[in-house]
Number of protein chains: 2
Amino acid sequence: MRDVARLAGVSVATASKALNGQPQVRASTRERVMQAASQLDFSPNTHAQALITQRTGTVGLLTSDLEGRFSIPILMGAEDAFGTDQTSVFLCDARGDSIRERHHLRALLSRRVDGLIVVGARPDSRPSLGRDLPVPVIYAYAPSEDPADLSLVSDNEGGGRLAVDHLIRCGRRRIAHITGDATYGAAQDRARGAVDRLAEEGLEVAGGEVWFGMWSEAWGRGATRMLLERCPDVDAIFAGSDEIARGVVDVLHEERLDVPGQVAVIGYDNWTILGANARPPLTTIDLNLEQLGRVAAQRLFAAIGGTLGSGVEKFPGKLVTRESTAPLR
Amino acid sequence: MRDVARLAGVSVATASKALNGQPQVRASTRERVMQAASQLDFSPNTHAQALITQRTGTVGLLTSDLEGRFSIPILMGAEDAFGTDQTSVFLCDARGDSIRERHHLRALLSRRVDGLIVVGARPDSRPSLGRDLPVPVIYAYAPSEDPADLSLVSDNEGGGRLAVDHLIRCGRRRIAHITGDATYGAAQDRARGAVDRLAEEGLEVAGGEVWFGMWSEAWGRGATRMLLERCPDVDAIFAGSDEIARGVVDVLHEERLDVPGQVAVIGYDNWTILGANARPPLTTIDLNLEQLGRVAAQRLFAAIGGTLGSGVEKFPGKLVTRESTAPLR
DNA sequence: TTGTAGGCGTTATCAG
DNA sequence: CTGATAACGCCTACAA
């Protein structure tokens, strides 16, 4: 910056003020400084700035979600809420290892990040990073076990309702639910939402039970076969994930059942690579993770000075309509 | 650090030396300082360190690969080559927008990253960031257009050979190749590798041509139907991506052809969610992106002082055997 | 409106 | 072996 100042014929202090848009500098002076800066391709050293202002304009995103399936949308939401030139994000993957997580945490604190977003590997509650960290922390996707922390999660119960509601609007009455691992809170919540919505309509889940199993295509296939045996006249299947839904439509095809003519299918997650390529493309519930990321960023930003609040905030999912559902003729 | 020094009863300078493992400090003194530090939960301010050492221990990963399909493995490779506590990575997604890319670049330079890894959206060459950046830059996955830059890419021609070689070893002779968009260099390279390897065996590609089309399941299905019509006795299909491979096995099923009993199928990319869930699970070529990331990190590290070299380095893919290929009985 | 001076938290260079 | 002291690059009272 010394060079810029010299080139503009002012002192370093004035150059700084000019560059930072402080009002107490003559327009012509500012102009000269700006010119000099761009001529020298000057870019301020953020570390020096951080030292003075105690703000780094960086945020840590600590994830355990190997494939980046959930972290990436959250990252992107956060990125555009912060604004490209305001805040940069450190992405760290702990790979499900709590030792590694502590390491990353130390590193991030050493780098004096202004805040932390923690994204768990699965949508169940996870251990808190602790109460007395020097920066605000937001848990996204997977809530913290500690109710004193602030967590932002997707509303799975609402999503389940949404899915079933859509199927009902399509005129379906014999609606089954095939979903993943019963030990996942998300599976339970989605199922509860689905069952509740059915009950409001005076309906029970087709096949007499929710089919819990695994988050895989293979389970989607197996469960569908069992379901068809027990309940051959099912007219809609709500799958707990897009993977499962892929398995479901696969078997429906094998059985020469038309989708959505005879059986409508709806997935969950909006994992585009799976859903949009399916035959037919899958209607699904989008988790709205970008929004989660955006809100996380806003909350973090707002909390820089003050405090963060606590508890678990739920965000509604979003129905994405493709061709695997349609009104009955 | 002042507090640490005080608590240990030494000067700030000595505390610094003790903490940084400098030899010129008595063991007992070091011990006291370390204790004080951990007692106060001290973590050094990296910005102050950066200011003085001119090294930040950060790297920018600039990507345009929305879904993180390619960036994430590269990031992970880089992360573990750097070592968790040595270097942190800024992940920036330019979303295919060159304006946004410039913004991110400015921000990263302002943050004085020690180096840059650029990951393109598709495996064809992309514009260079420029020759006179103040930090070393490595292009990964997608090479730079400027031969003066250093690029690390996956060897698609070799991958094509690898795939066909495997099919030949399985005793297949009538081998077809269905792949994606012909405007992709990767598609051309993989095809060339495949055709060459076939030629070495005195074979031609089954169906008389390589089927270029799109990187989608739908194209995989369509092309397979056409192929079967023209060449019903095909005994192996090399798909240019796992997506395409999914479409291929789908239609083979429809036609009651056993995979791999009658037709072996091999994909490309090792996109686990697609390949491992397929029926049967897909043999495929892994791009080895983690290795790319690791090597990028090492080169960057080595280049901090000196210079980087230039040109395009190719990395071999890796055969991942699952159940969609097997020797002919 | 502009310039001077002090300091942010470290490390490095010297003297002791 | 330890401790002053001067940077590193910038911001910000305060003085001119």
Side-chain angles (χ1 to χ4, degrees), chain A residues 1-37 40-58 85-86 106-114 134-135 304, chain B residues 1-37 40-58 85-86 106-114 134-135 304:
Chain A
M1 186 149 114
R2 232 184 24 245
D3 302 339
V4 174
R6 183 154 37 209
L7 181 57
V10 297
S11 74
V12 176
T14 305
S16 169
K17 288 169 196 156
L19 257 14
N20 293 313
Q22 302 244 14
Q24 19 141 355
V25 47
R26 194 193 302 161
S28 66
T29 308
R30 160 157 312 138
E31 188 52 37
R32 254 183 308 136
V33 174
M34 306 276 258
Q35 286 235 346
L40 296 179
D41 208 10
F42 169 77
S43 80
N45 184 317
T46 56
H47 299 97
Q49 295 183 145
L51 224 43
I52 289 276
T53 62
Q54 309 284 35
R55 293 274 313 275
T56 59
T58 60
D85 27 60
Q86 295 298 332
R106 276 202 84 76
L108 290 171
L109 292 180
S110 225
R111 297 195 183 286
R112 300 296 189 270
V113 293
D114 292 332
V135 296
I304 300 283
Chain B
M1 188 149 112
R2 231 184 25 245
D3 302 340
V4 173
R6 185 153 37 207
L7 181 57
V10 296
S11 74
V12 176
T14 305
S16 169
K17 286 169 197 154
L19 257 14
N20 292 313
Q22 301 242 12
Q24 18 138 348
V25 47
R26 195 194 302 160
S28 66
T29 308
R30 169 171 330 233
E31 188 52 35
R32 257 184 306 135
V33 174
M34 305 277 258
Q35 285 235 346
L40 297 178
D41 208 9
F42 168 78
S43 82
N45 185 317
T46 56
H47 299 97
Q49 291 177 322
L51 221 44
I52 193 115
T53 61
Q54 308 285 31
R55 294 273 313 274
T56 60
T58 60
D85 26 61
Q86 295 299 329
R106 275 202 86 75
L108 290 170
L109 292 180
S110 226
R111 294 194 185 287
R112 300 295 190 270
V113 292
D114 293 330
V135 297
I304 299 284

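Quick note: numbers below take in every heavy atom, side chains included, and nothing from hydrogens, waters or symmetry partners. Chain letters run A, B, ... following the sequence lines, proteins first and then strands; every chain starts at 1. A quick note: this is a predicted structure, and the numbers were derived from the prediction, not measured.
- When heavy atoms are screened at a 4.0 angstrom cut-off, B:Thr46 is found touching no nucleic acid atom at all.
- A donor-acceptor pair under 3.5 Å is absent between the side-chain atoms of A:Asp114 and the main chain of A:Arg55, judged by distance alone.
- Side-chain contact between B:Gln49 and B:Thr46 is present, with heavy atoms from C-beta onward closer than 4.5 Å.
- Nucleic acid contact for A:Gln49: sugar-phosphate only, since backbone atoms but no base atoms lie under 4.0 Å from a heavy atom of the residue.
- Side-chain contact check for B:Thr14 versus B:Thr29: some heavy-atom pair is nearer than 4.5 Å.
- Dashed line: the shortest gap from a side-chain N or O of B:Asn45 to OP1 or OP2 of C:dC8 is not under 4.0 Å.
- For A:Ser110 (side chain) and B:Pro44 (main-chain N/O), a donor-acceptor pair under 3.5 Å exists by modelled atom type.
- A:Val12 comes within contact range of no nucleotide atom at all, as no heavy-atom separation falls under 4.0 Å.
- Atom pair A:Arg2:CZ and D:dC8:P shows a separation of 7 Å (rounding to whole Å applied).
- Rounded to an integer number of Å, the gap from CG of A:Asn20 to P of D:dT12 is 7 Å.
- Summarising the geometry, the separation between CD1 on B:Ile52 and C1' on C:dT13 is reported as 10 Å, rounded to the nearest angstrom.
- OP1 or OP2 of C:dT2 sits under 4.0 Å from a side-chain N or O of A:Thr29.
- Using a 4.5 Å heavy-atom threshold, the side chains of B:Asn45 and A:His47 count as separate.
- Toward the 5' end of DNA chain C, the nearer of the two residues B:Phe42 and B:Gln24, judged by each one's closest nucleotide, is B:Phe42.
- Ranking C:dG9, D:dG3, C:dT4 by closeness to the B:Ser11 side chain, first place goes to D:dG3.
- Here D:dG9 presents its P atom at 18 Å from CZ of B:Arg111, a figure rounded to the nearest Å.
- Here D:dT2 is the nucleotide among C:dG3, D:dG9, D:dT2 with the atom lying nearest to any side-chain atom of B:Lys17.
- Residue whose closest nucleotide on DNA chain D sits further toward the 5' end, between B:Arg112 and B:Arg26: B:Arg26.
- Whole-Å rounding puts the B:Arg55 CZ to C:dT10 P distance at 19 Å.
- With D:dG9, C:dA12, D:dC11 as the choices, the nucleotide that has an atom nearest any side-chain atom of B:Gln54 turns out to be D:dG9.
- The phosphate of C:dT11 (OP1 or OP2) has a side-chain N or O of B:Ser16 nearer than 4.0 angstrom.
- Using a 4.0 Å heavy-atom cutoff across all strands shown, B:Met1 reaches at least one base atom of the nucleic acid.
- Between B:Thr14 and D:dG3, a side-chain N or O to OP1/OP2 separation shorter than 4.0 Å is present.
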